[in-house]
Amino acid sequence: METASEMVAFPLLTTPIESNYRACTIPFRFPSDNPRKPTPTELAWIDLFLNSIPSFKKRAETDAVDDAPTRAEKFAQRYSEILEDLKKDPESHGGPPDCILLCRLREQVLRELGFKDIFKKVKDEENAKAISLFENVVDLSDAIEDEGKRLENLVRGIFAGNIFDLGSAQLAEVFSKDGMSFLASCQNLVPRPWVIDDLDAFKLKWSKKFWKKAVIFVDNSGADIILGILPFARELLRRGTQVVLAANDLPSINDITYPELIEIISKLKDNEGKLKGVDTSNLFIANSGNDLPVIDLSRVSQEIAYLASDADLVITEGMGRGIETNLYAQFKCDSLKIGMVKHPEVAQFLGGRLYDCVLKYNEVLLS
């Protein structure tokens with residue numbers, strides 16, 4: 001991972017970053033709150049992370065490290081203790097807590113115990129499944145002649161793919177029982193209007209506007225990246241837009257990493273280097289420098305900062321990068337925040353339903 005000194009602010013955030021940008025969307029506390037006493041929001045989120053420990057422990061028990069079950073037990077104990085400490089004293093462990101700190105502490109404990117990628121097995125399985133479905137999903141999309149309807153189908157595919165999220169305790173439970181059907185998920189999205197629904201405005205711009213370069217901060221492996229994001233990115237490429245896919249530096253939950261994404265794209269390309277007939281010379285894969293399922297855009301890799309400097313569309317995809325963080329982030333160019341709401345606490349904050357969809361489109365009119 002890049003050292004702190006090598007991390008830079010994402011160049012398309014509106015300046016000054018110090019005063020405008022706060023990564024976390026949901027305020028856990030306000031200046032008037034007692035710093036020594038946890039707020040109701042902090043307690044609710046600490047409980048959410050406590051509830052996810054059993055599913056993480058289960059994954060860790062079957063990891064490829066020596067004596068995985070014992071280490072998994074230690075992880076569960078240590079991380080539980082940290083969360084209970086934060087309930088007693090919100091300023092412990094680098095607090096007060098927010099969603100970034102709670103994720104970081106979990107990853108820290110896992111890594112200290114020698115776990116590098118506890119979701120590797122399930123990621124590999126899901127990537128293989130999704131790769132076998134890619135052509136079918138793209139063919140169904142290509143068969144839709146109406147441009148607006150095709151875009152809506154691709155957007156629905158992003159939401160359906162985004163369900164594959166093992167950071168959500170409920171979804172991890174569903175998933176371990178019977179997996180998930182991508183095409184069924186596309187049909188079964190909650191009905192519109194979604195909790196934040198700028199689809200009509202985005203469709204209108206899509207029909208009239210050309211973006212020179214789009215940067216997409218991607219989320220989960222499996223159906224999310226392969227059947228959701230890649231068909232959408234392919235459509236952008238077909239329209240002549242350069243596309244930069246920014247993936248995590250290190251593994252976190254079942255999020256796709258930079259090396260994994262390079263491997264997946266090479267498997268999906270045909271002998272001519274095309275993505276189901278679409279030229280990929282304008283497709284770039286970048287390391288975002290991130291190692292969490294959420295992202296603080298004031299600290300990204302120099303690589304993504306350089307590649308993004310002339311982009312005119314920024315997309316933050318998934319609940320972690322586009323809703324729990326960065327929903328209100330302001331950019332110097334057009335932006336799209338897109339993801340599914342998979343935590344009840346997020347649904348409550350937004351005033352929506354669990355498994356509701358967020359599509360927030362902001363256009364920046366350059367003078």
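Residue numbers start at 1 and run along the sequence shown.
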task: Compare all side-chain heavy atoms of Phe331 with those of Asn362 and state whether any distance is below 4.5 angstrom.
output: no
field: Audit row: Asp312, Asp334, side chain to side chain contact (heavy atoms under 4.5 Å, CB included) steps and yes/no
entry: CA-CA 6 Å; Asp312 49 2; Asp334 291 3; over 6 Å; no
- request: Inspect the contact between Lys276 and Asp139 and indicate whether a charged nitrogen and a carboxylate oxygen are less than 4.0 angstrom apart.
  value: yes
field: Pair Asp310 + Lys212, salt bridge at N-O below 4.0 Å
entry: no
query: How about Leu13 and Gln330: do any of their side-chain heavy atoms sit closer than 4.5 Å?
result: no
- line: The reported gap from CD1 in Ile315 to CD1 in Ile229 (rounded to nearest 0.5 angstrom) is 7.0 Å
task: Apply the test ring pair (Phe, Tyr, Trp, His ring centres under 6.0 Å) to residues Tyr21 and Tyr328: give CA-CA distance (whole Å), side-chain angles for both, the deciding distance (0.1 Å), then the verdict.
output: CA-CA 9 Å; Tyr21 177 69; Tyr328 302 131; over 10 Å; no
query: Just how far is it from atom CZ of Phe75 to atom CG of Leu113, taken to the nearest 0.5 Å?
result: 8.5 Å
- prompt: Charged N to carboxylate O under 4.0 angstrom, Glu61 versus Lys58?
  reply: no
task: Mind checking the CD1-OG1 spacing from Ile285 to Thr280? Nearest 0.5 Å is all I need.
output: 9.0 Å
message: Can you see whether Trp194 has Arg353 sitting over its ring - NZ or CZ less than 6.0 Å from the centre and within 45° of the normal?
response: no
query: Does Arg104 come within less than 4.0 Å of Glu107, counting only side-chain N to carboxylate O?
result: no
Interatomic distance, Ile82 atom CD1 to Lys87 atom NZ [nearest 0.5 angstrom]: 14.5 Å
field: Close side-chain approach of Phe159 to Leu359, heavy-atom, < 4.5 Å
entry: yes
query: Could Glu84 and Lys88 be called an ion pair, given the rule that one side-chain N must be under 4.0 Å from one carboxylate O?
result: no
- request: Dump the intermediate steps for side chain to side chain contact (heavy atoms under 4.5 Å, CB included) on Leu268 and Leu230, then the final yes or no.
  value: CA-CA 10 Å; Leu268 290 173; Leu230 285 178; 3.5 Å; yes
field: Backbone N/O of Ile144 and side chain of Arg150: donor-acceptor pair under 3.5 Å
entry: yes
task: Answer yes or no: is there a side-chain heavy-atom contact under 4.5 Å between Ile265 and Leu245?
output: yes
task: Flag the pair Asp89 and Arg36 as a salt bridge only when some basic side-chain nitrogen lies within less than 4.0 angstrom of an acidic carboxylate oxygen.
output: yes
task: Determine, using ring centers only, whether Phe217 and Phe10 are less than 6.0 Å apart.
output: yes
task: For the residue pair Met340 and Asp356, establish whether any side-chain heavy-atom pair is separated by less than 4.5 Å.
output: no
message: Let me confirm one number: the CD1-CG distance from Ile323 to Leu350, rounded to the nearest 0.5 Å.
response: 7.0 Å
Joint cluster assignment, Leu102 & Ile100, ILVMFWY side-chain distance < 4.5 Å: no
- request: For Asn248 and Pro293, indicate whether the former's side chain and the latter's backbone hold a donor-acceptor pair under 3.5 Å.
  value: no
message: For the backbone of Asp249 and the side chain of Thr257, can you confirm whether one donor and one acceptor N or O come within less than 3.5 Å of each other?
response: no
query: Between Arg299 and Glu6, is there a salt bridge with N-O shorter than 4.0 Å?
result: no
query: Applying the 4.5 Å side-chain criterion to the ILVMFWY set and letting contacts propagate, would Val109 and Leu50 be lumped into a single cluster?
result: yes
Pair Ile216-Val244, side chain to side chain contact (heavy atoms under 4.5 Å, CB included): steps then yes or no: CA-CA 6 Å; Ile216 308 175; Val244 180; over 6 Å; no
- prompt: With hydrophobic residues grouped by side-chain heavy-atom distances under 4.5 Å, do Val155 and Leu227 end up in a single group?
  reply: yes
- prompt: In terms of heavy-atom contacts, does CD of Gln348 have more than 12 from other residues, nucleotides or ligands at under 6.0 Å?
  reply: no
message: Would Arg111 and Asp291 count as a salt bridge (Lys or Arg N to Asp or Glu O under 4.0 Å) here? Give the steps.
response: CA-CA 11 Å; Arg111 287 169 195 158; Asp291 61 346; 3.1 Å; yes
query: Are Glu317 and Arg321 ion-paired here, with the side-chain N under 4.0 Å from a carboxylate O?
result: no
field: Test ring-ring contact (aromatic ring centres under 6.0 Å, His included) applied to Tyr258 - qualifying residues, sequence neighbours left out
entry: none
Salt-bridge criterion met for Asp197 and Arg192 (N-O under 4.0 Å): yes
query: Under the 3.5 angstrom rule, does the side chain of Arg29 hit a backbone N or O of Asp98 as a donor-acceptor pair?
result: no
- prompt: Should Asp117 and Lys120 count as an ion pair when the cut-off is N to O under 4.0 Å?
  reply: no
- prompt: Does the pair Arg234/Asp142 count as a salt bridge with the N-to-O cut at 4.0 Å?
  reply: yes
message: In the structure I gave you, are the side-chain heavy atoms of Pro251 and Lys123 within less than 4.5 Å of one another anywhere?
response: yes
message: Are Leu327 and Lys337 packed together at the side-chain level, in the sense that at least one heavy-atom pair is separated by less than 4.5 angstrom?
response: yes
- prompt: If you take all heavy atoms of Ala246 and Ser288, which pair is closest and at what distance?
  reply: CB-CB, 4.2 Å
message: Is it the case that the side chain of Asp198 and the backbone of Ala201 share a donor-acceptor pair, with hydrogens and angles ignored and the cut-off at 3.5 Å?
response: no
message: What I'd like to find out is whether the side chain of Ser141 reaches to under 4.5 Å of the side chain of Leu154, using heavy atoms alone.
response: yes
field: Separation between CG of Asn254 and OG of Ser221, rounded to the nearest 0.5 Å
entry: 5.0 Å
- request: Could you tell me whether a side-chain N or O of Lys342 sits under 3.5 Å from a main-chain N or O of Asn162, the two making a donor and an acceptor?
  value: yes
query: Is Ser301 reaching over with its side chain to a backbone N or O of Ile304, donor-acceptor style, under 3.5 angstrom?
result: yes
- request: Report, as yes or no, whether the 6.0 Å neighbourhood of atom NZ on Lys269 holds more than 12 heavy atoms from other residues, nucleotides or ligands.
  value: yes
- prompt: Could Arg71 and Asp63 be called an ion pair, given the rule that one side-chain N must be under 4.0 Å from one carboxylate O?
  reply: no
task: Check whether any side-chain N or O of Ser80 sits under 3.5 Å from a backbone N or O of Ala76 as a donor-acceptor pair, and report yes or no.
output: yes
- prompt: What is the ring orientation for His343 with Trp45, classed by angle as parallel under 30°, tilted 30 to 60°, or perpendicular over 60°?
  reply: perpendicular
message: Looking only at side-chain N and O atoms, does Asp67 offer a donor or acceptor that is under 3.5 Å from a partner on Thr70?
response: yes
task: Determine, for Lys129 against Glu125, whether the closest basic-nitrogen to carboxylate-oxygen distance falls under 4.0 angstrom.
output: no
- prompt: Is any NZ, NE, NH1 or NH2 atom of the basic residue among Glu363 and Lys209 found under 4.0 Å from an Asp or Glu carboxylate oxygen of the other?
  reply: yes
- request: Run the numbers on Ile253 and Phe56 for side chain to side chain contact (heavy atoms under 4.5 Å, CB included), then give the verdict.
  value: CA-CA 8 Å; Ile253 319 185; Phe56 277 73; 4.0 Å; yes
Lys74, NZ atom: more than 12 neighbouring heavy atoms under 6.0 Å: no
task: Say whether Leu236 and Ile338 are linked into one hydrophobic cluster, either directly or through other cluster members, by side-chain heavy-atom distances under 4.5 angstrom.
output: yes
query: Do side-chain atoms of Lys205 reach the backbone of Asp200 as a donor and acceptor pair under 3.5 angstrom?
result: no
task: Would you check if the side chain of Thr325 reaches a backbone N or O of Ala23 as a donor-acceptor pair within less than 3.5 Å?
output: no
- prompt: When hydrophobic residues are tied together by side-chain contacts of less than 4.5 Å, even through go-betweens, does Leu151 share a cluster with Leu204?
  reply: no
